[in-house]
Structure formats: structure tokens, C-alpha cells
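Comments concern the structure below.
These numbers come from a predicted model, not from an experiment. Letters A, B, ... mirror the listed sequences (proteins, then strands); counts begin at 1.
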Number of protein chains: 2
Amino acid sequence: MTPWGVTVTIANSLTVEDLGSAAQRDRRKRILDATIALATQGGFDAVQMRAVAEQADVALGTLYRYFPSKIHLLVSALAREFERAELQLRDKPLPGDTSADRVIFVLKKTTRGLQGDPHLTEALTRAFMFADASVQAEIHNVGMLLTSMLTRAMHPGSTELTDDDVAIARVIGDVWLSSLVGWVTGRMTASETGEQLERAVRLLLRD
Amino acid sequence: MTPWGVTVTIANSLTVEDLGSAAQRDRRKRILDATIALATQGGFDAVQMRAVAEQADVALGTLYRYFPSKIHLLVSALAREFERAELQLRDKPLPGDTSADRVIFVLKKTTRGLQGDPHLTEALTRAFMFADASVQAEIHNVGMLLTSMLTRAMHPGSTELTDDDVAIARVIGDVWLSSLVGWVTGRMTASETGEQLERAVRLLLRD
DNA sequence: GGAGGAGGTGGAACGTGTTCCTATTATGTC
DNA sequence: GACATAATAGGAACACGTTCCACCTCCTCC
């Protein structure tokens, strides 16, 4: 069995990972923890494979057995963090009278969380942007999470989604990603990203 | 004088570069040509600094004197190509009765151009995504070009732009970038990017 | 409980972006 | 034209992602 495990997506984007032995699950966790720690400290550049291996108390070869590249590693870490964030938001009622207000609430809350950890966000965004098709699965997961967060904000309690809903969520996701890139790369300030997001949402959801 | 030259932006995003001696201008051109050639052949990975230097008949140190990193090099190449494309489109009448139709025309035309050179596009998009604040100037140029292309398509012949116009152009730019990333990284097909763009434009421009 | 194999360790080695150094060649000044 | 300065050539050296290999350890199955 590969230590990457098999990712099974159940119903509404909740993922369960079947990961071999407890020792393997533990190694995987240690690796991701080390990744997040290093990324939080010093961003993308600080996540050096040798450093991750050392901090996770794992050989370099083992690290590569679990995650075939630095990009996979970071995107997997991103996915884990994202799931955790989404779990916190799920089941909580969202404030706001209009769908635009609720969506903006969700976006700002998430963005603020990310901007509280600039280095971590930089590392994860960079990885996301650099990923190629071989990380498709992990990225798809993140995309689904975001879409479900946004559509829930648009129509709380509803499970029926129109094509337009999904399309709007996707556009918002695109703007969000671009803003994040702009912020991470120092081309935009935090408040500018907030304004840009709010602007986009109000353009898209004016009903 | 640094060989990077001084970039002066005149009026409507037309840029003129003052680049020292003819020999320096020539070297710079040779370097960018070599970059484009290698990128066209084999994409981001094929643009190796030693290879660029050799093909441009320039020492490695000289290459780094002109472009302080591979990312700067690729983003500069992107900017040059983009300017050329915009120049072709400028002054030509745009078909379509509604602003949405015209914007979609511009986007599809540009996107088709890019997708005709997959490797080149991959290289340039990757660079764009990986750029940090030190490439702000070059990236800002590209952004301005795109905005001016889009707003012209929205209101041909008009020079008055509302805040909404600019905001819409920016959102479209974001979607375009995300689609491009999706396509470059193999997560979306060419036709999917087309659909996503059209979808987004029609959501934003429904007047 | 011993044999076989999958998974792990430790570290060398390779490729490519980047830096640095010295000798050589242009370029501009008097 | 001779000199001072800047720019370039040529290439070694370094850092980090990635690959590879030899050996060890632990689990599984008989």
C-alpha cells in the first residue's frame, strides 16, 4: 500500500483518509506539522525538504515517499488547514441579510485568518499557484470546499444549487485567489484585497 | 546607467524604454528572443539560465545583470509579447453589439493566441504567478494593458470610465488569470476556460 | 521463531538557479 | 591616443529540490 493513502470524498466535501498503519499516519502527521511550522516561520523558502525531514524526524527519502514533491507537500498541508478552517465555520449561522453580505462575511473571515499568518499563506499560495496536473486531486478538494462554503453563504440551508450559483461561486473563488496572489506577492495591501473582494461580490450578487 | 533601463509610461499604457547604448538594447533583445524561443519549445523548465545565456550569446553574469532572476526575465518577456498582442488589437474595430460580446471577443482572441503556444503560455503564466513584489513594475504594466483592452471593449471610443467599469475589468482579469492557471496546470481544458470566461463576463455585464 | 519483503535510514550525487571572482574588452574623458 | 571606469566573458562555487543506493528494521506469513 502506498503511504499516500486513498482519499475518499463523502457527500458534501468531507474527506476521510485511509492511511495504513498508525505509525504511517503518525509520520504523515509529523511531516505536515513540520511543514506548517516551517512555513509559518519563514514562508515558502523556509520549507526546505531537508529541514522538514529533520524536524519531522524522518529521512529525506521517507519524506519523498510520502509526498512526491515540495509542491505536493505544501498543497496537502494547505488542504488540511483549509479543512480545519471550514470545519470551524460549518454549522455556525452566518450573519447578514443578503447573500452578498453573508458571502462577504465568509470571505473576510477566511481572509483575515490567512493574513494573520502571512508566511504560511505565502507558502501555501505559492504552492497552489505552482502546482501542476499531478496535484489535481488535492486542489480539487480545496476548490470543492470553497465552493460549498460560498454557496452555503449564498443560500443557507438550501441544497438546491443553480448553475448560476456555482458559476458565481467560481468567479468569486477566482477573484479571491487573485487577490491572495496579489497580497502574497506584495502587489496589494490587506485592505485592498478586502475592498476588491467586496466589490466583486457586490457586482455579482446584486439581488 | 543600469542596463535595465527606465520604463516611462505615457498616456494610455504605451511604454517606451530608454535603454542605453545600441549594444545594450541589442543584448537585451537577444536575451528576450532566446527566452521566448526556449519557452516556446519546452516551457518553464526549458528556460534555463545557462541555455538562455548561450543562445543569446551572452555570459551568464551578463544575463543576470540585465534580468536579476529567471522570474524577472520571463515576466519581462511576457510583457513584451503582451504589448505586441495589444498593439495588434488596438485601433481595430471590435465586433459585437453588446459590451459582453465585445469583451468575450477580446478575451477569446487573446486566449486563443496564448493557447496556440502552450509551452510559452505555461512558462509565462508560471512566472507571473511566482513573481514577488520586486517584479511589481512589470506586472503592473501588464495589468494596465489588460484593463485598457477590456474597458475599450466595454465602451469603444469612450475615455470616461466609471469605478464600476474598472472594477469589472479587474474581476474579469482575475477570472482570466485563474482560468489560465487552470489550463496551464492541466486542471482545465481549453474549452472549459472559454466557457468559464464567457460565463463570468455574462454574469458581470448583463445590461 | 526464522525467512522474506516492504518500509525506513543516512547520506552521496546530480541539476539548475544564483552568486562571485578574475581577466578581458568596450566606452567615455582628457 | 592614453587612461579610467564600466561592462562582459568565462567559469568556479554554492544552495536546495530531487534521485539513488546500500544497508537496516520491523512486520507478516509459514
Side-chain angles (χ1 to χ4, degrees), chain A residues 1-6 18-31 34-35 38-39 41-77 123 126-127 129-132 134-135, chain B residues 1-5 18-31 34-35 38-39 41-77 122-123 126-127 129-132 134-135:
Chain A
M1 163 182 338
T2 81
W4 314 357
V6 178
D18 165 23
L19 284 167
S21 72
Q24 283 174 346
R25 211 161 33 239
D26 192 55
R27 274 202 189 82
R28 188 185 155 92
K29 177 178 182 328
R30 287 207 312 273
I31 291 173
T35 303
L38 286 167
Q41 265 183 246
F44 188 88
D45 289 341
V47 180
Q48 301 185 357
M49 299 306 267
R50 290 172 180 84
V52 171
E54 189 180 357
Q55 183 152 339
D57 200 28
V58 140
L60 189 56
T62 306
L63 172 52
Y64 272 94
R65 163 176 279 277
Y66 279 74
F67 300 95
S69 78
K70 174 170 173 171
I71 298 298
H72 282 82
L73 175 58
L74 279 168
V75 172
S76 300
R126 280 250 145 89
M129 296 287 83
F130 219 64
D132 65 2
S134 72
V135 224
Chain B
M1 160 179 341
T2 81
W4 314 357
D18 166 22
L19 284 166
S21 72
Q24 283 174 346
R25 211 160 35 237
D26 192 54
R27 273 202 188 81
R28 187 185 155 91
K29 177 181 183 323
R30 287 207 311 272
I31 291 173
T35 303
L38 287 167
Q41 266 182 245
F44 188 87
D45 290 339
V47 180
Q48 301 185 356
M49 300 305 268
R50 290 171 180 83
V52 171
E54 190 181 355
Q55 183 151 339
D57 201 27
V58 139
L60 189 55
T62 306
L63 173 52
Y64 273 93
R65 163 176 278 276
Y66 279 74
F67 300 95
S69 78
K70 175 169 173 172
I71 297 298
H72 282 83
L73 175 58
L74 279 167
V75 172
S76 300
E122 184 249 2
R126 280 250 145 88
M129 296 288 84
F130 220 66
D132 65 1
S134 71
V135 224

Nearest whole angstrom, please: distance from the [atom2] of [N] to the [atom1] of [X].
X       : N      : atom1 : atom2 : value
A/Gln24 : D/dC26 : CD    : C1'   : 12 Å
A/Leu74 : D/dC16 : CG    : P     : 15 Å
A/Phe67 : C/dG8  : CZ    : P     : 12 Å
B/Arg27 : C/dT25 : CZ    : P     : 14 Å
B/Glu54 : D/dG11 : CD    : P     : 11 Å
A/Leu38 : D/dG17 : CG    : C1'   : 15 Å
B/Arg65 : D/dT5  : CZ    : C1'   : 12 Å
A/His72 : D/dT18 : NE2   : C1'   : 14 Å

What are the two closest heavy atoms between [X] and [Y], and how far apart are they?
X        : Y        : result
B/Ser69  : B/Met49  : C-CE, 4.0 Å
B/Phe130 : A/Arg126 : O-NH2, 3.2 Å
A/Leu63  : A/Ala53  : CD2-N, 4.0 Å
A/Gly43  : A/Ala123 : C-CB, 3.8 Å

task: Give a yes/no verdict on a cation-pi contact between A/Lys70 and A/Phe44, requiring under 6.0 Å between NZ or CZ and the six-membered ring centre and an angle within 45° of the axis.
output: yes
- prompt: Is B/Glu54 salt-bridged to B/Arg50, going by a charged N under 4.0 Å from an acidic O?
  reply: no
- prompt: Hey, is the side chain of A/Tyr66 poking within less than 4.0 Å of OP1 or OP2 on C/dG7, counting only N and O atoms?
  reply: no
field: Where protein sits on nucleotides 14-21 of chain C, one letter per nucleotide: B base, S sugar-phosphate only, - none, heavy atoms under 4.0 Å
entry: --BBBB--
